[in-house]
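Structure record follows, encoded as structure tokens.
As a basis for the values below, the full set of heavy atoms in this structure was taken, side chains included, without hydrogen atoms, waters or symmetry mates.
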Amino acid sequence: QVQVVESGGGLVQPGGSLRLSCAVSGFTVDDKAIGWFRQAPGKEREGISCISSGESSAHVADSVKGRFTISKDRTRNTMYLQMSSLEPEDTAVYYCAVSAAFYCRDYGWHNSYEYTYWGQGTQVTVSS
């Protein structure tokens with residue numbers, strides 16, 4: 001049974017940093033392409049990043065490039081999203097999502113329909 005559980009969200013001041021975790025079970029983090037999404041109130045779900053199995057490829061959205069980094073810890077079977085230089089516009093519910101494929105699609109990795117399993121989300125609020 002596949003399970004995806006995010007954690008690490010919270011309230012942070014502008015310019016601050018936060019690390020989100022995505023603990024998975026039912027498979028290993030090297031078996032599938034895994035992505036991070038976010039959804040702000042009144043907005044569509046946005047793909048932030050995707051990393052392929054074996055880290056053969058990774059994608060990062062322009063909106064967070066240079067500030068957010070995706071990584072994985074195989075020993076903990078956990079994915080991470082390291083966020084820095086946070087802005088109020090980064091406020092959203094952040095989701096971890098698992099694809100049925102090994103690799104992130106080069107031109108469609110940011111589409112939510114490419115992913116099969118989703119966590120419940122974790123709230124990130126950037127405010128002073």
Side-chain angles (χ1 to χ4, degrees):
Q1 182 180 358
V2 174
Q3 287 189 321
V4 181
V5 180
E6 305 97 334
S7 61
L11 174 64
V12 62
Q13 292 187 342
S17 299
L18 209 57
R19 189 179 77 163
L20 305 183
S21 300
C22 172
V24 302
S25 59
F27 65 99
T28 71
V29 292
D30 269 344
D31 286 346
K32 309 291 183 187
I34 301 177
W36 283 96
F37 286 74
R38 67 184 180 186
Q39 188 165 18
K43 294 188 176 182
E44 292 187 356
R45 192 165 294 189
E46 175 190 11
I48 299 172
S49 187
C50 179
I51 187 166
S52 296
S53 62
E55 299 183 47
S56 54
S57 66
H59 301 272
V60 180
D62 289 342
S63 59
V64 302
K65 193 169 290 183
R67 300 188 299 122
F68 290 13
T69 304
I70 189 171
S71 64
K72 63 175 73 172
D73 184 336
R74 295 173 179 83
T75 63
R76 297 179 183 272
N77 214 32
T78 299
M79 300 291 298
Y80 299 102
L81 183 69
Q82 179 66 50
M83 306 184 295
S84 59
S85 301
L86 284 162
E87 305 166 352
E89 293 73 23
D90 295 317
T91 295
V93 178
Y94 284 71
Y95 298 91
C96 181
V98 180
S99 171
F102 290 114
Y103 304 109
C104 308
R105 293 192 179 275
D106 286 340
Y107 298 104
W109 65 268
H110 57 285
N111 293 321
S112 59
Y113 59 75
E114 295 289 345
Y115 300 84
T116 305
Y117 303 101
W118 292 79
Q120 81 289 349
T122 185
Q123 176 71 46
V124 172
T125 303
V126 184
S127 175
S128 55

Taking atom types as modelled, is there a side-chain donor on [X] or [Y] under 3.5 Å from an acceptor on the other?
X	Y	answer
E46	S63	yes
T122	S7	no
T28	D30	no

Atom pair [atom1]/[atom2] of [X] and [Y] - distance to nearest 0.5 Å:
X	Y	atom1	atom2	result
C22	I70	SG	CD1	9.0 Å
I51	S53	CD1	OG	9.5 Å
S112	E44	OG	CD	9.0 Å
L86	S84	CG	OG	7.0 Å
M83	Y94	CE	OH	5.5 Å
H59	S49	NE2	OG	9.0 Å

Identify the two heavy atoms, one from [X] and one from [Y], that lie closest to each other, and give their separation to 0.1 Å.
X	Y	value
S127	P14	C-CD, 3.6 Å
Q82	S17	NE2-CB, 4.1 Å
A33	C50	CB-SG, 4.2 Å
K43	Q39	O-NE2, 3.1 Å

Mark yes or no for whether [X], through its side chain, and [Y], through its backbone, hold a donor-acceptor pair below 3.5 Å.
X	Y	answer
D31	F102	no
T125	T91	no
E6	Q120	yes
R67	S85	yes
N111	Y113	no
D90	E87	yes

Tell me whether [X] shares a hydrophobic cluster with [Y], the cluster being built from Ile, Leu, Val, Met, Phe, Trp, Tyr side chains joined at under 4.5 Å.
X	Y	value
I34	V64	yes
Y80	V60	no
M79	V98	yes
V2	V24	yes
V126	Y95	no

Cation over ring face, R45 and F37, 6.0 Å, 45°: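 So R45 doesn't make the cation-pi contact.
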
Working for ring pair (Phe, Tyr, Trp, His ring centres under 6.0 Å), residues F27 and Y117: CA-CA 11 Å; F27 65 99; Y117 303 101; 7.1 Å; no

Any S99 side-chain heavy atom under 4.5 Å of T116 side chain: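 No. Closest side-chain heavy atoms not under 4.5 Å.
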
Ring centers of W36, F68 separated by less than 6.0 Å: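 Not under 6.0 Å, so no.
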
S21 vs T78, side chain to side chain donor-acceptor pair (under 3.5 Å): CA-CA, chis, key distance, verdict: CA-CA 7 Å; S21 300; T78 299; over 6 Å; no

Intermediate values then yes/no, ring pair (Phe, Tyr, Trp, His ring centres under 6.0 Å), W109 and Y103: CA-CA 9 Å; W109 65 268; Y103 304 109; over 10 Å; no

